[in-house]
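What follows is a set of notes on a single structure, which appears directly below.
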Amino acid sequence: MSKFLVANYKMNGDKKFFRSINSFNKIKLKDTKLILCPPFVYLNLVKAKHFSLGAQDVSAFCDNKSTGEISAEMLKDYGVKYVIIGHSERRARGETDKLIQSKIKLAFNNGITPIVCVGEKNYNSKIEEILNQVESALVTDSEIIFAYEPVWAIGTGKLPTINKINKAVDLIKTTAKQHNRDCKVLYGGSVNKSNYKQLLTCEIDGFLVGGLSLKLNEFLDVLKGIEE
């Protein structure tokens with residue numbers, strides 16, 4: 001079964017770096033869907049040929065009075081095919097499920113597939129904590145991608161157990177089916193060259209990675225490993 005590898009570069013990189021990642025076009029991928037998500041200002045530098053271009057966010061508004069916002073139409077104009085929505089770093093700054101719903105709808109309306117991030121805050125939290133996040137994201141008839149990212153695992157080097165990840169995947173996919181939706185579920189949170197093979201034993205459809213994406217050689221090793 002094919003896997004996804006999504007790179008979230010967050011607020012990192014410069015012109016030189018984002019020109020350099022065009023080298024990924026030289027890689028002939030068999031089963032892996034590679035999606036690279038640079039900051040908005042560098043979207044024009046990334047020439048997606050053998051991978052897909054993604055964005056890190058999208059506006060929840062479609063009027064022309066939203067200073068500083070980037071609309072789904074603008075992303076579409078740049079050839080963006082995927083967009084990360086509801087990342088925990090944005091939820092922590094006050095993004096609500098209702099706001100995220102608006103972003104999901106506008107993305108779908110413009111032919112952009114949302115990658116919706118969900119995850120519990122604390123290590124000891126019950127996995128059911130993510131249920132409202134999942135249900136509120138199921139607002140269209142199209143297939144959706146979820147990224148299960150436990151907030152406590154992001155950038156900490158800590159990982160959930162295989163059992164907990166599988167439980168989260170099952171909860172997300174079961175909930176989607178109850179709403180007559182199909183979905184893919186990625187895992188994100190401290191994925192690296194040393195642990196990705198262990199994580200691939202989970203019932204996941206791939207990875208959403210942050211820090212790993214900045215280490216081009218290690219990122220390439222993981223990409224090749226997923227292809228094997």
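Bear in mind the structure is a predicted one, so any value in this text is a computation, not a measurement. Computation of the quantities below employed the complete heavy-atom set of this structure, encompassing side-chain atoms and omitting hydrogens, waters and symmetry-equivalent molecules.
Val46 and Ile84 are not part of a single hydrophobic cluster, where members link through side-chain heavy atoms under 4.5 Å apart. In terms of hydrophobic clustering, with Ile, Leu, Val, Met, Phe, Trp and Tyr side chains grouped at heavy-atom distances under 4.5 Å, Ile104 and Val134 are assigned to a common cluster. Two different hydrophobic clusters hold Leu99 and Val151 under the rule that ILVMFWY side chains link at heavy-atom gaps under 4.5 Å. Residues Ile154 and Ile115 are members of separate hydrophobic clusters, defined by side-chain heavy-atom contacts under 4.5 angstrom among Ile, Leu, Val, Met, Phe, Trp and Tyr. Neither Leu208 nor Ile100 shares a network with the other; the hydrophobic side chains, linked directly or stepwise wherever heavy atoms of I, L, V, M, F, W or Y lie under 4.5 Å apart, form separate groups for each.
The shortest distance between side-chain heavy atoms of Gln56 and Glu89 does not fall below 4.5 Å. Residues Leu34 and Leu36 form a side-chain contact, since some pair of their non-hydrogen atoms from C-beta on lies under 4.5 Å apart. Side-chain contact between Phe108 and Pro114 is present, with at least one heavy-atom pair separated by less than 4.5 Å. The closest side-chain heavy-atom distance from Trp152 to Pro160 is below 4.5 Å. Contact annotation: the side chain of Lys158 never approaches that of Tyr123 to less than 4.5 Å [non-hydrogen atoms, C-beta and beyond].
Here the closest non-hydrogen pair linking Lys167 and Ile127 is CE-CG2, 3.7 Å. In plain terms, the two heavy atoms of Ala72 and Asn110 that are nearest each other are CB-ND2, 3.4 Å. Among all heavy-atom pairs drawn from Ser190 and Leu159, the shortest one is O-CD2, 3.9 Å. Smallest separation of non-hydrogen atoms from Cys183 and Ile172: SG-CG2, 4.0 Å. Across Met74 and Glu69, no two heavy atoms sit closer than the pair SD-O, 4.4 Å. Across Ala55 and Val80, no two heavy atoms sit closer than the pair N-CG1, 3.9 Å.
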task: List the steps, then state whether side-chain contact (heavy atoms from CB on, under 4.5 Å) holds for Tyr82 with Ile145.
output: CA-CA 10 Å; Tyr82 297 85; Ile145 299 173; 3.8 Å; yes
### Message
Determine whether Val58 and Leu106 satisfy the following criterion, side-chain contact (heavy atoms from CB on, under 4.5 Å), listing intermediate values before the conclusion.
### Response
CA-CA 8 Å; Val58 64; Leu106 288 172; 5.6 Å; no
Checklist entry - Run the side-chain contact (heavy atoms from CB on, under 4.5 Å) check on Tyr148 and Val169 step by step: do they pass? => result CA-CA 8 Å; Tyr148 169 57; Val169 172; 5.7 Å; no
task = Begin with the C-alpha distance, continue with both residues' side-chain angles, and end with the deciding distance and a verdict on side-chain contact (heavy atoms from CB on, under 4.5 Å) for Phe4 and Lys184.
result = CA-CA 9 Å; Phe4 288 77; Lys184 302 290 186 183; 4.1 Å; yes
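For Tyr9 and Phe18, the gap between ring centers is short of 6.0 Å.
Between the side chain of Asp182 and the backbone N or O of Glu143, no donor-acceptor pair lies under 3.5 Å. In this structure, the side chain of Ser136 engages the main chain of Gln133 through a donor-acceptor pair within 3.5 Å. The backbone N or O of Arg181 lies less than 3.5 Å from no partner atom in the side chain of His179, so there is not a single donor-acceptor pair. Asn122 places no side-chain N or O within donor-acceptor distance of the main-chain N or O of Asn124, the cut-off being under 3.5 Å. Judged purely by atom type and a 3.5 angstrom limit, Glu203 has no side-chain atom pairing as donor or acceptor with the backbone of Asn166. Of the possible donor and acceptor atoms, one in the side chain of Glu227 sits under 3.5 Å from a partner among the backbone N and O of Thr32. A donor-acceptor pair under 3.5 Å is formed between the side chain of Tyr187 and the backbone N or O of Gly189.
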Throw together a table of side-chain donor-acceptor distances under 3.5 angstrom for residues 211-221, partners on residues two or more places apart or in other chains.
from	atom 1	to	atom 2	distance (Å)
Ser213	OG	Gly210	O	2.5
Asp221	OD2	Lys193	NZ	3.0

May I have the list of side-chain donor-acceptor pairs in residues 20-27 shorter than 3.5 Å, sequence neighbours left out?
from	atom 1	to	atom 2	distance (Å)
Ser20	OG	Phe17	O	2.5
Asn22	OD1	Lys47	N	2.7
Asn22	ND2	Arg19	O	3.2
Asn22	ND2	Leu45	O	2.9
Ser23	OG	Ser20	O	2.9
Asn25	OD1	Lys49	N	2.8
Asn25	OD1	His50	N	2.9
Asn25	ND2	Asn22	O	3.2
Asn25	ND2	Lys47	O	2.6

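To the nearest 0.5 Å, atoms SG (Cys62) and CD (Glu73) are separated by 7.0 Å. Here the straight-line distance linking atom CG of Leu43 with atom CG of Leu53 works out to 5.5 Å at 0.5 Å rounding. With values rounded to the nearest 0.5 angstrom, Leu75 atom CG is found 5.0 Å from Ile112 atom CD1. To the nearest 0.5 Å, atoms CD1 (Ile85) and CG (Asp57) are separated by 7.5 Å. If you take CZ on Phe207 and CG on Asn192, they are separated by 10.0 Å, rounding to the nearest 0.5 Å. The CG atom of Leu138 sits 7.5 Å away from the OG1 atom of Thr175 when rounded to the nearest 0.5 Å.
In the model, Ser125 has no side-chain atom that pairs as donor or acceptor with a side-chain atom of Glu120 under 3.5 Å.
Each of Lys3, Lys173, Lys33 was evaluated against Asp205; a single residue qualifies, Lys173, per the salt bridge (Lys or Arg N to Asp or Glu O under 4.0 Å) test.
Crowding of Lys10 atom NZ: a count of heavy atoms from other residues, nucleotides or ligands under 6.0 Å exceeding 12.
Checked for salt-bridge contact, Glu149 and Arg91 miss the test: no charged N lies under 4.0 Å from a carboxylate O.
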